[in-house]
Amino acid sequence: MVAIETMATIAEQQQDFSILPELPADVFTAPLKKPAHVGDDWLEPKQTEYTSDDDAIWNDLFARQMEVLPGRAASAFMAGLQKLNLNRGGVPEFRKLSEDLGALTGWSVVPVPMLIPDHVFFWHLANRRFPAGNFIRTRETFDYIQEPDVFHDVFGHVPMLTDPVYADYMQEYGRAGWKAMRYNHLKALGALYWYTVEFGLIEEAPGDIRAYGAGILSGPTEAVFSVEADSPNRIMLNVDRVMRTDYVIDDLQPTYFVIESFEDLYRQTVERDFDRLYRSLGPSFTYANSAVIDVDDVLHRGTQEYWLRGGRGSGATPI
Ligand SMILES: C[C@H](O)[C@H](O)[C@H]1CNc2nc(N)[nH]c(=O)c2N1
Ligand SMILES: N[C@@H](Cc1ccccc1)C(=O)O
Ligand SMILES: [Fe+2]
C-alpha cells in the first residue's frame with residue numbers, strides 16, 4: 001500500500017516549479033525577437049553580397065543537381081531554370097531575377113534573414129513576393145541543412161513560379177493562410193504546402209512521374225528516391241486526405257502525393273471552399289505519414305524499407 005503521505009509528496013513535487021528554468025520577466029510582453037536591421041516586413045534591406053566561395057558553393061550545388069534532375073524534374077521546372085538563366089554562375093542577384101520573373105508572371109523574390117512568422121510569409125505570397133533566405137550553406141553543411149538557404153529557396157522554388165497556373169496557386173495559398181489561422185488549422189494547411197510545394201510529384205504522362213516540389217529538387221538524394229525508389233508510397237493527391245496527414249521534416253518522405261497537372265492542383269484547392277473541411281478537422285493529424293488508407297488512389301505502395309531500417313543516420317540506403 002502506498003502511504004497517503006507519499007502521494008502527497010509526489011503531488012507537492014509536481015507543484016515545485018523551482019526545478020524549471022527561470023523565464024525572463026517580460027516573456028509574455030516582449031516584442032517578437034528579430035534582427036534589429038529587418039523591418040516589420042521581415043525583409044533584409046538588401047541582398048547579401050556573396051564571396052567567391054559562396055558563388056562556388058552555388059555552382060557546385062547547381063552542377064550536382066543537374067546530374068540527377070533531367071528526366072526526374074517536372075518539365076515546368078526545367079523550363080523555368082532555362083527562362084531565368086539560373087546557371088549564369090554564382091548566387092543569382094535577386095533584383096535581376098525579380099525583373100525576369102516579374103516579366104513572366106508578376107512575381108518577385110525578396111531577401112529574408114531566416115524563417116519568418118507565418119502571417120508575414122502568407123502576406124508576401126499573397127502579394128506575389130517570394131521570401132528567400134539569402135544566406136548560403138557552407139561546405140560543412142553542403143549535403144543537409146535544416147533552415148532554407150538561398151539554394152533551396154531560389155533553385156528549388158523560383159523556377160516553378162514561371163508557370164502561370166503554379167504562380168497563381170502560390171498566391172492563393174498565401175491568401176488562404178488567414179482563414180486557416182482563424183480556424184486554428186494552420187498545421188493542416190501546412191501539410192498541404194508540404195505535400196505539394198515542397199514534396200509534390202506530377203504524373204506528366206501515364207507512368208511518367210516527375211518531381212516539382214522544391215524540397216525534392218534542391219537535393220540529390222530525394223530527387224531520385226521520390227520518383228524511383230520502392231520504399232515510399234506514391235498516391236494521387238486528395239486534399240481532404242493530405243490535410244489530415246502527418247509529415248516528416250528531417251528525413252526523406254515515407255509518402256509522396258501526385259497531381260495530374262497544375263490545373264488539377266488549382267481545381268482541388270483554389271476552386272473549392274475549405275470552410276467545411278476546416279470545421280470537420282480534429283485537433284491533430286489523423287493519418288500517419290506512412291499510412292495507406294482505403295480511399296487512396298495508389299500508384300505505388302511503398303515497402304517503407306528505408307524508413308523501417310531506421311532512416312537518416314542509420315546507414316540505411318535510400319535506393
Ligand atoms: C506554414 C507556414 O506558413 C510555413 O511553415 C512558413 C513559415 N515561415 C517561412 N519563412 C520562410 N522564410 N520560408 C518558408 O518557407 C516559411 N514557411
Ligand atoms: N480555396 C481555399 C483556399 C486555398 C487556396 C489555395 C491553396 C489552398 C487553399 C479556401 O477556401 O480556404
Ligand atoms: Fe521550401
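Here, residue 1 is the first one in the sequence, and each next residue gets the next number. All ligand and atom numbering here is 1-based and tracks the order in the structure. Just the heavy atoms: all of them, side chains too, but no hydrogens, waters or symmetry mates, feed the values below.
- Backbone and side-chain nitrogen or oxygen atoms of Tyr278 are examined, and none is located within less than 3.5 angstrom of a nitrogen or oxygen of ligand 2.
- Interface atoms of ligand 2 facing Asp273, defined by a heavy-atom separation under 4.0 Å, are 11 (O).
- Between the choices Tyr173, Trp42, Phe130, Phe121, the shortest heavy-atom distance to atom 1 (C) of ligand 1 belongs to Tyr173.
- Side-chain contact, Thr29 with Asp26: no donor N or O sits under 3.5 Å from an acceptor N or O.
- Side-chain contact check for Ser261 and Arg267: no donor-acceptor pair (N or O, by modelled atom type) lies under 3.5 Å.
- The shortest N or O to N or O distance between Arg272 and ligand 2 is under 3.5 Å.
- If you number the atoms of ligand 1 from 1 as listed, the ones under 4.0 Å from a heavy atom of Leu115 come out as 9 (C), 10 (N), 11 (C), 12 (N), 13 (N), 14 (C), 16 (C).
- Protein heavy atom at the shortest distance from atom 10 (N) of ligand 1 is Ile116 N, 3.0 Å.
- With ring centers used as reference points, Tyr247 lies 6.0 Å or more from Tyr287.
- Close approach to Tyr169 involves these atoms of ligand 2, each under 4.0 Å from a residue heavy atom: 7 (C).
- Proximity to Val112 (heavy-atom distance under 4.0 Å) selects the following atoms of ligand 1: 12 (N).
- Residue-ligand proximity, Lys179 to ligand 2, at heavy-atom distances under 4.0 Å covers atoms 10 (C), 11 (O), 12 (O).
- Between Thr269 and Val239, the closest side-chain pair of non-hydrogen atoms falls below 4.5 Å.
- Two different hydrophobic clusters hold Val110 and Leu115 under the rule that ILVMFWY side chains link at heavy-atom gaps under 4.5 Å.
- Of the possible polar contacts, one joining the Asp251 side chain to the Arg312 backbone as a donor-acceptor pair under 3.5 Å is found.
- Among protein heavy atoms, the minimum distance from atom 8 (C) of ligand 2 is reached at Leu192 CD2, 3.7 Å.
- Between Ala176 and ligand 2, not a single N/O pair is under 3.5 Å apart.
- Residue contact check for ligand 2: Tyr266 places no non-hydrogen atom closer than 4.0 Å to it.
- For Met114, a nitrogen or oxygen atom sits less than 3.5 Å from a nitrogen or oxygen atom of ligand 1, counting backbone and side chain alike.
- In terms of protein heavy atoms, atom 5 (O) of ligand 1 is closest to Asp118 OD1, 4.2 Å.
- Ligand-side atoms of ligand 2 in range of Tyr173: 6 (C), 7 (C), range being under 4.0 angstrom from any heavy atom.
- Here OG1 of Thr48 is found 10.5 Å from CD1 of Ile136. Values are rounded to the nearest 0.5 Å.
- Leu81 has its side chain out of reach of Asn87: every pair of non-hydrogen atoms, C-beta onward, lies at least 4.5 Å apart.
- With a 4.0 Å heavy-atom cut-off, ligand 2 is reached by the backbone of Glu172 and by its side chain too.
- Less than 6.0 angstrom separates the ring centroid of Tyr212 from the ring centroid of Phe262.
- If you put the vertex on the Fe ion (ligand 3), NE2 of His152 and OE1 of Glu198 sit 90° apart, to the nearest 10°.
- In this structure, Tyr256 is not a member of the same hydrophobic cluster as Val295, with clusters built from ILVMFWY side-chain heavy atoms closer than 4.5 Å.
- Taking only nitrogen or oxygen atoms, main chain and side chain alike, Glu271 does not reach within less than 3.5 Å of ligand 2.
- Residue-level proximity to ligand 2 for Asp275 is absent, since no heavy atom of it falls below 4.0 angstrom.
- With rounding to the nearest 0.5 angstrom, the CG atom of Asn184 is 12.5 Å from the CZ atom of Arg182.
- Tyr173 has its ring centre less than 6.0 Å from the ring centre of Phe122.
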